Amino acid sequence: MHYSYISHLECPKCHEIYSQEVIQQLCECGSPLLVRYKLNELKTTFNKEDLKNRENNLWRYHEILPVKNKENIISLGEGMTPFIAMDKLGNKILIPNLYMKDEGIIPTGSFKTRGASVGISKAKELGVEQLAMPTNGNAGAAWALYSARAGIKATIVMPVDAPSITRREVYLSGGNLYLVDGLISDAGKIVGKLVKEKGIYDASTLKEPYRIEGKKTMGYEILEQLNWEVPDVILYPTGGGVGIIGIYKAILELIELGWIPANKLPRLVAVQAENCAPIVKAWEERKAESELWQNAQTSAFGINVPKAIGDFLVLESLYKTNGCAIAVSEADILLAQKEVAELEGNFICPEGAATFAAAKLLRQQQWISEDEKVICLNTGQGIKYPELVEIEHVPLLQPEDTINR
């Protein structure tokens with residue numbers, strides 16, 4: 001058996017084939033590239049029982065990940081995050097079979113670690129010495145830290161309003177940190193100029209093919225943690241959209257491997273904020289691509305993406321699974337964050353909270369029925385956004401005071 005059964009890279013738009021042996025960025029047509037594997041060959045030698053005695057990290061799926069030589073893996077033990085029944089909240093919002101996949105319990109504190117581990121590992125295998133990327137915070141932090149472990153120089157550009165903790169992670173890692181007075185789209189333009197002028201490896205969302213391979217392992221884990229029983233609905237907070245694209249890719253690969261049936265797909269839900277909802281608008285209009293969202297702004301900073309390069313792939317995953325896209329208000333995001341903490345004891349990030357707010361709305365609209373198994377993805381720790389939580393009316397005690405309640 002091979003460590004990886006990677007075959008080639010393919011453009012999902014024009015279907016041009018590219019070699020995975022050398023550095024590739026976008027297709028010549030401008031589309032992101034997707035990694036393809038020798039699944040017909042793999043399914044004769046690899047089955048789900050082989051996973052039982054493997055380490056509990058995402059590299060347990062190494063045959064369907066792109067790194068060919070184990071020596072190139074850069075890992076901090078990421079993956080196999082908790083899968084938690086949310087009984088109290090589920091009963092409150094009339095979804096008794098409500099679960100959370102908690103990506104906050106992972107190195108660097110967010111799901112971006114998955115893409116960093118696989119993306120950096122493949123970059124190392126390809127001989128990359130320096131990379132650059134724009135970020136809303138968590139991805140830049142993860143890629144800077146994993147780059148440090150790999151000995152790769154990282155240049156990270158993030159909006160000045162990005163969570164302050166993430167800039168500290170980049171700084172401590174030794175990465176070159178720059179702040180831009182604008183949005184992630186503005187950071188992307190600056191990185192684009194740097195890449196063009198200096199020939200640096202572009203690690204921007206979907207401008208390298210391997211980040212998505214790390215993110216897809218969330219899909220593999222959800223199915224494995226459910227003992228390969230396909231859930232009814234999976235809700236995902238959607239900015240650049242790599243996570244939902246990756247989960248859909250994992251589902252298709254699992255079907256081709258014969259590990260799950262082809263006649264039932266989970267309905268995928270792209271969750272966005274009302275003040276930045278380009279995917280929602282495109283889905284409502286049944287379009288193949290989204291339009292640039294003007295004046296984007298949300299407390300769920302990780303999904304504050306006015307235009308995603310992979311928007312057509314996100315929308316395809318929704319159409320093909322009979323899913324949907326839904327926008328939630330800022331008030332509902334903060335309320336859901338508080339409800340998850342009060343009822344379930346988990347301080348989740350606002351992006352993750354958006355998925356619970358969306359599940360509540362979809363249940364009220366009867367798009368989700370009471371007997372369905374519903375998975376919400378929490379993509380990071382709430383403690384990475386301490387400024388969002390306002391504490392009011394806390395009594396100040398003197399040393400001699402007593403508490404009467």
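What you are looking at is a predicted structure, and each value in this text was computed from that prediction instead of being measured.
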Practice prompt. Please name the residue in the list Gln24, Gln20, Glu125 that meets the side-chain contact (heavy atoms from CB on, under 4.5 Å) test with Tyr210.
Written response: Gln20

Regarding [X] and [Y], do their side chains bring together a donor and an acceptor under 3.5 Å, going by distance alone?
X      : Y      : result
Lys198 : Gln130 : no
Ser121 : Trp59  : no
Arg114 : Thr217 : yes

Discussion item. Quick one, Leu42 and Leu257 - any side-chain contact, counting heavy atoms below 4.5 Å?
Written reply: yes

Discussion item. Any side-chain to backbone donor/acceptor pair from Glu274 onto Glu330? Under 3.5 Å, distance only.
Written reply: no

Fill in: Passing option when Glu103 is tested against Asn378, Thr113, Thr81, Thr379 for side-chain hydrogen bond (donor to acceptor under 3.5 Å, both in side chains)
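It is Thr81, the one option of Asn378, Thr113, Thr81, Thr379 that forms the side-chain hydrogen bond (donor to acceptor under 3.5 Å, both in side chains) with Glu103.
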
Worksheet item: What residues, two or more places apart in sequence or in another chain, satisfy salt bridge (charged side-chain N to carboxylate O under 4.0 Å, His left out) together with Lys216?
Response: Glu213, Glu253

Discussion item. Taking salt bridge (charged side-chain N to carboxylate O under 4.0 Å, His left out) as the definition, give me every residue that meets it alongside Lys153, ordered by chain and number, with sequence neighbours left out.
Written reply: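 Lys153 satisfies salt bridge (charged side-chain N to carboxylate O under 4.0 Å, His left out) with no residue once adjacent residues are dropped.
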
Worksheet item: Excluding sequence neighbours, so at least two apart, what forms ring pair (Phe, Tyr, Trp, His ring centres under 6.0 Å) with Tyr99?
Response: Phe83

Item to complete: Show the numbers, then the answer: is there a side-chain contact (heavy atoms from CB on, under 4.5 Å) between Leu98 and Lys373?
Response: CA-CA 6 Å; Leu98 180 67; Lys373 185 169 291 184; over 6 Å; no

Discussion item. Under the rule for side-chain contact (heavy atoms from CB on, under 4.5 Å), what residues qualify as partners of Leu254, not counting sequence neighbours?
Written reply: Tyr220, Leu223, Trp228, Trp259, Ile260

Worksheet item: side-chain contact (heavy atoms from CB on, under 4.5 Å) with Glu21: which residues, sequence neighbours excluded?
Response: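 Ser19, Lys68.
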
Discussion item. Can you list everything that forms a side chain to side chain donor-acceptor pair (under 3.5 Å) with Asn97? Sequence neighbours excluded, please.
Written reply: none

